[in-house]
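To start, the structure under review is shown below, and the notes come after it.
The figures that follow rest on heavy atoms only: side chains count, while hydrogens, waters and symmetry mates do not. Just so we're clear, the structure is a prediction, and the values are computed from it rather than from any experiment. The chains referred to below are lettered A, B, ... by the order of the sequence lines, with proteins before strands, and numbering in each begins at 1.
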2 protein chains.
Amino acid sequence: MRRLAAEAGAAPTTLYHHVRDKDDLLTQLLNDYADRLPRPELPDGPRERILVAATAMHDSLSAVPWAVEVLAGGDFFGDSALWMVETIVRGAIDCGCTPEQAVDLYRGLWYYTAGEILVRSATERRHAERGYDAYAEAVRARMSRSRLPHMSALADRWAALVARPTYPRGLSAFVDGLLRQGRGEGA
Amino acid sequence: MRRLAAEAGAAPTTLYHHVRDKDDLLTQLLNDYADRLPRPELPDGPRERILVAATAMHDSLSAVPWAVEVLAGGDFFGDSALWMVETIVRGAIDCGCTPEQAVDLYRGLWYYTAGEILVRSATERRHAERGYDAYAEAVRARMSRSRLPHMSALADRWAALVARPTYPRGLSAFVDGLLRQGRGEGA
DNA sequence: ACCTGAACACCGTTCAAGT
DNA sequence: ACCTGAACACCGTTCAAGT
């Protein structure tokens with residue numbers, strides 16, 4: 001708040017005439033951001049619609065990782081991003097899920113998405129601070145001395161492996177697993 | 001730091017003789033916590049071992065939700081919790097995954113787990129502050145006026161639906177989807 | 001070694017007072 | 001209406017000084 005006020009050339013206290021508190025400001029900022037988001041064309045297939053909507057959630061949030069913690073409490077984005085939730089729930093129902101299963105599917109994808117953003121932005125912050133090499137070496141050292149066979153074997157490659165983007169593949173695996181569960185199919 | 005020092009009856013500055021900084025203290029605390037964690041019996045089936053290890057990650061973290069943000073940057077827990085990662089990677093490999101696929105599977109489960117803890121603890125905090133009914137009513141109002149058919153239809157039940165625990169079912173769906181993907185099977 | 005007070009550089013927020 | 005300074009109640013951290 002103080003930094004924003006300084007940048008705007010005003011006293012910190014002035015802000016409180018325009019917003020209730022910090023959370024209110026962040027929420028308004030996020031609503032505004034959601035309003036400006038481009039709305040992708042939705043494909044015909046229900047499964048594909050789910051993937052597009054979840055990817056939209058992910059990509060929108062990637063640009064504003066701090067939003068995850070603001071949204072986590074329950075208010076997802078602004079009204080203009082609610083179509084993502086609608087699309088996922090509708091897609092699940094069109095795939096044969098009950099409403100309950102559809103909500104559970106949405107929640108699962110939201111956890112996965114929120115977690116990916118949280119972990120990736122924290123990792124990037126750490127790389128920016130201490131450098132990628134320092135991180136890679138710390139992981140290598142820890143895994144090598146662990147006496148756990150697979151960790152030791154992967155020690156040298158771990159940092160590089162976890163730096164690859166895996167959101168899309170994980171997403172489609174998760175969606176398939178959830179839809180299959182909804183249809184009552186076993187593993 | 002100041003609160004902890006006060007509780008210990010010492011000056012805030014005294015702490016800095018025993019830990020490097022706040023992050024160091026949190027990490028030591030977490031390592032100690034990891035050391036005390038009970039180690040579950042692992043089942044024979046590789047898929048079941050993955051589920052047990054992921055559930056151990058989830059349950060351990062549930063008690064210390066603040067840990068998610070400390071761990072997100074890359075250091076998972078202490079050395080004594082590394083067996084969870086090993087178990088998941090080994091289980092995936094035993095199910096026919098390549099090492100790359102096994103690491104991706106682990107990461108997917110970590111995102112899902114971290115996201116669940118983050119969202120659930122934020123939701124609980126909000127309920128504690130403003131009350132469950134206020135939250136339920138806010139969601140209901142927002143979804144009803146949205147003009148999105150499925151959101152409107154679920155408006156009354158949404159808060160109750162998302163309050164149910166869904167980690168275990170989502171986990172097994174995710175694991176199945178990821179293993180199937182590893183085996184190269186389509187949807 | 002172990003602990004301290006003083007100090008620095010921050011936060012978010014309230015509120016009476018000014019234009 | 002709109003903005004302000006003073007103030008409150010906090011943070012994490014450094015560092016020279018004390019025992």
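Both key distances under 3.5 Å define a Watson-Crick or G-U pair, and stretches of 3 or more such consecutive pairs in DNA chain C run C:4-8 with D:12-16, C:12-16 with D:4-8.
Sorted by first and then second residue, the pairs that involve residues 107-117 of chain B and meet salt bridge (Lys or Arg N to Asp or Glu O under 4.0 Å), not counting sequence neighbours, are B:Glu116-B:Arg120.
Nucleotides C:dC10 and D:dA9 place their P atoms 22 Å apart, quoted to the nearest Å.
Under the salt bridge (Lys or Arg N to Asp or Glu O under 4.0 Å) criterion, B:Arg145 pairs with A:Asp79, sequence neighbours left out. Residues satisfying the side-chain hydrogen bond (donor to acceptor under 3.5 Å, both in side chains) test with B:Asp21, not counting sequence neighbours, are none. For B:Ala10, the side-chain contact (heavy atoms from CB on, under 4.5 Å) criterion is met by B:Thr14, not counting sequence neighbours. Applying the side-chain contact (heavy atoms from CB on, under 4.5 Å) rule to A:Glu137 yields the partners A:Arg140, A:Ala141; only residues at least two apart in sequence or on another chain are considered. For A:Asp32, the salt bridge (Lys or Arg N to Asp or Glu O under 4.0 Å) criterion is met by A:Arg36, not counting sequence neighbours. Applying the side-chain contact (heavy atoms from CB on, under 4.5 Å) criterion to A:Arg164, with sequence neighbours excluded, gives A:Leu161, B:Glu100, B:Asp104.
Ring geometry for B:Tyr112 versus A:Phe174: interplanar angle over 60°, hence perpendicular rather than tilted (30 to 60°).
Distance A:Leu15 CG to D:dT4 C1': 12 Å, rounded to the nearest Å.
The shortest distance between the side-chain N/O atoms of B:His18 and the OP1/OP2 oxygens of C:dA1 is not below 4.0 Å.
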* To do: Would you give a per-nucleotide map of nucleotides 12-19 of chain C, 5' to 3', where B means the base has a protein non-hydrogen atom under 4.0 Å away, S means only the sugar-phosphate does, and - means neither?
  => BBBB----

